[in-house]
Amino acid sequence: MYTSQLSAAGNAVTALAARTPDDMLDRPTPCEGMDLRALFAHVVGLSEAFAAAGRKESGPLTSTPPDPKAQVLQSDWRTALSINLADLNAAWADPDAWDGMTQAGGVSAPASILGTVAVSELVLHGWDVARSIGVDYHLDDDALQVVYDLHYPPQSQSEREGMFGPVVEVPEDAPLLHRLVGLTGRDPFWPAMA
């Protein structure tokens, strides 16, 4: 169970959202083809879907694959994000959430795997936001390690297609955050627009 890591990653995203003025929402992000507006819309949606997965609900929230192009960022997005992340944390704080099977994004899998995927989504997209707005990203290594372990060793690129770009080679002695983002197809030194 990675409830503390999920909470830490969610808190980091919430703090980054508070530091993001609306006039930055058109900035590019390390996520290919997604500006900051689209990325936040994606996180608002995925946090709601993974909360439902934690409660083992079935329905459109859990059975529908994400479509970032169809998601629209509402004017009250910071409030929606905060509510959804609190709900996500509450759902996965229940030890039963991590047992058995559940569904998210149209994929059925062991709940322990999908709960870890939720941590991964928040950790990686938190880094994406931080790079986009040009601020440092602070998260304890225990949360980063959970996500690194989920994705290492990397699958073949054909299996990763649609989720991650090709692995970006990073020295083995680089900080864990750099190795993680490289593993997930991101350039650790992606240029931020300060």
Side-chain angles (χ1 to χ4, degrees), residues 1-17 20 29-55 57 61-71 73 77 80-93 97-98 102-132 137-140 142-152 154-155 159-165 176-177 180-186 190:
M1 293 190 337
Y2 299 119
T3 53
S4 64
Q5 292 87 348
L6 185 65
S7 178
N11 290 342
V13 170
T14 300
L16 288 163
T20 306
T29 72
C31 289
E32 184 89 20
M34 290 182 85
D35 63 11
L36 203 47
R37 182 183 317 277
L39 184 60
F40 273 122
H42 175 60
V43 176
V44 169
L46 76 84
S47 57
E48 185 178 24
F50 275 99
R55 291 188 296 270
E57 295 174 2
L61 274 178
T62 58
S63 64
T64 307
D67 181 2
K69 293 178 180 156
Q71 296 172 317
L73 192 64
W77 65 274
L81 179 64
S82 180
I83 290 169
N84 289 0
L85 288 172
D87 190 35
L88 175 68
N89 287 334
W92 290 93
W98 298 86
T102 193
Q103 185 179 56
V107 175
S108 294
S112 60
I113 297 295
L114 289 180
T116 309
V117 170
V119 178
S120 175
E121 290 279 346
L122 294 178
V123 166
L124 294 171
H125 290 320
W127 181 84
D128 294 330
V129 170
R131 292 305 300 166
S132 181
Y137 185 55
H138 300 288
L139 206 56
D140 289 342
D142 61 338
L144 300 176
Q145 191 68 55
V146 165
V147 180
Y148 186 87
D149 291 345
L150 176 66
H151 299 296
Y152 187 85
Q155 298 167 300
E159 295 178 70
R160 294 160 49 99
E161 204 61 47
M163 292 186 300
F164 301 127
L176 178 58
L177 179 59
L180 170 60
V181 297
L183 180 64
T184 57
R186 293 156 165 85
W190 186 87

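Side chains are part of it too, since the values below use all heavy atoms of this structure and drop only hydrogens, waters and symmetry mates.
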Undergrad: Step by step, work out the side chain to side chain contact (heavy atoms under 4.5 Å, CB included) result for C31 and H125.
TA: CA-CA 9 Å; C31 289; H125 290 320; 3.8 Å; yes

Undergrad: With distance as the sole test, does R160 use its side chain to make a donor-acceptor pair with the main-chain N or O of P154 at under 3.5 Å?
TA: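 No; judged by distance alone, with no hydrogens or angles, the pair does not exist.
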
Undergrad: Might you point out which heavy atoms bring T20 and V129 nearest each other, and give the distance in Å?
TA: OG1-CG1, 4.2 Å

Undergrad: Is D35 reaching over with its side chain to a backbone N or O of A38, donor-acceptor style, under 3.5 angstrom?
TA: yes

Undergrad: Can you tell me how far apart CZ (F40) and CE (M34) are? Round to the nearest 0.5 Å.
TA: 11.0 Å

Undergrad: Would you say that L180 contacts L124 through its side chain, given a criterion of any heavy-atom pair below 4.5 Å between the two side chains?
TA: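 Yes; the side chains approach each other to less than 4.5 Å.
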
Undergrad: Do you know the tightest heavy-atom contact between D87 and A51?
TA: OD2-CB, 3.6 Å

Undergrad: Is there side-chain contact between V123 and V146, with at least one heavy-atom pair below 4.5 Å?
TA: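 Counting from C-beta outward, V123 and V146 never come under 4.5 Å.
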
Undergrad: Please round to the nearest 0.5 Å and tell me the distance separating atom CD of Q103 and atom CZ of F50.
TA: 11.0 Å

Undergrad: Tell me, yes or no, whether the heavy-atom count around Y148 atom OH, taken from other residues, nucleotides or ligands under 6.0 Å, exceeds 12.
TA: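 It does: Y148 OH has more than 12 such atoms within range.
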
Undergrad: Counting neighbours of CD on E32 that are heavy atoms of other residues, nucleotides or ligands and sit closer than 6.0 Å, is the number greater than 12?
TA: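 No, the 6.0 Å shell around CD holds no more than 12 heavy atoms from other groups.
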
Undergrad: Quick one: pull up OG in S132 and CH2 in W190 and give me the separation to the nearest 0.5 Å.
TA: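 Rounded to the nearest 0.5 Å, the OG-CH2 separation comes to 5.0 Å.
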
Undergrad: Indicate the atoms forming the closest heavy-atom contact of A12 with L139, along with that distance.
TA: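 That would be CB-CD1, 4.0 Å.
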
Undergrad: Measuring from S120:OG to D149:CG, what's the distance to the nearest 0.5 Å?
TA: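 So the gap between those two atoms works out to 11.5 Å.
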
Undergrad: Taking all non-hydrogen atoms of both residues into account, name the closest pair between L73 and A41 and its distance.
TA: CD1-N, 3.6 Å

Undergrad: Show your reasoning for whether side chain to side chain contact (heavy atoms under 4.5 Å, CB included) applies to W98 and Y2.
TA: CA-CA 9 Å; W98 298 86; Y2 299 119; 4.0 Å; yes

Undergrad: For V44 and A80, which heavy atoms make the closest approach, and how far apart are they?
TA: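 Nearest pair, atom of V44 first, then A80: CG1-CB, 4.2 Å.
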
Undergrad: Looking at Y152 and V147, would you say the former's side chain and the latter's main chain have a donor-acceptor pair under 3.5 Å?
TA: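 Checked: no pair found.
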
Undergrad: In Å, rounded to the nearest 0.5 Å, how long is the span from CG of L46 to CG of L39?
TA: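 If we round to the nearest 0.5 Å, L46:CG and L39:CG are 9.0 Å apart.
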
Undergrad: List the atom of A93, the atom of T3, and the distance in Å for their closest heavy-atom pair.
TA: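 What the structure gives for the nearest pair is CA-CG2, 3.8 Å.
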
Undergrad: Taking the side chain as every heavy atom from C-beta outward, state whether W127 and P30 have any atom pair closer than 4.5 Å.
TA: yes

Undergrad: Working to the nearest 0.5 Å, report the span between CG of D128 and OG1 of T29.
TA: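 Those atoms lie 5.5 Å apart.
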
Undergrad: In terms of ring plane angle, is the pair F164 and H151 parallel, tilted or perpendicular, where the classes change at 30° and 60°?
TA: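 Rings of F164 and H151: perpendicular, over 60°.
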
Undergrad: Could you go through Q5 and D142, starting from their C-alpha distance and side-chain angles, then the distance that decides it, and tell me whether this counts as side chain to side chain contact (heavy atoms under 4.5 Å, CB included)?
TA: CA-CA 7 Å; Q5 292 87 348; D142 61 338; 3.9 Å; yes

Undergrad: Go through the steps to decide whether L81 and V13 satisfy the test side chain to side chain contact (heavy atoms under 4.5 Å, CB included), and finish with yes or no.
TA: CA-CA 9 Å; L81 179 64; V13 170; 4.0 Å; yes

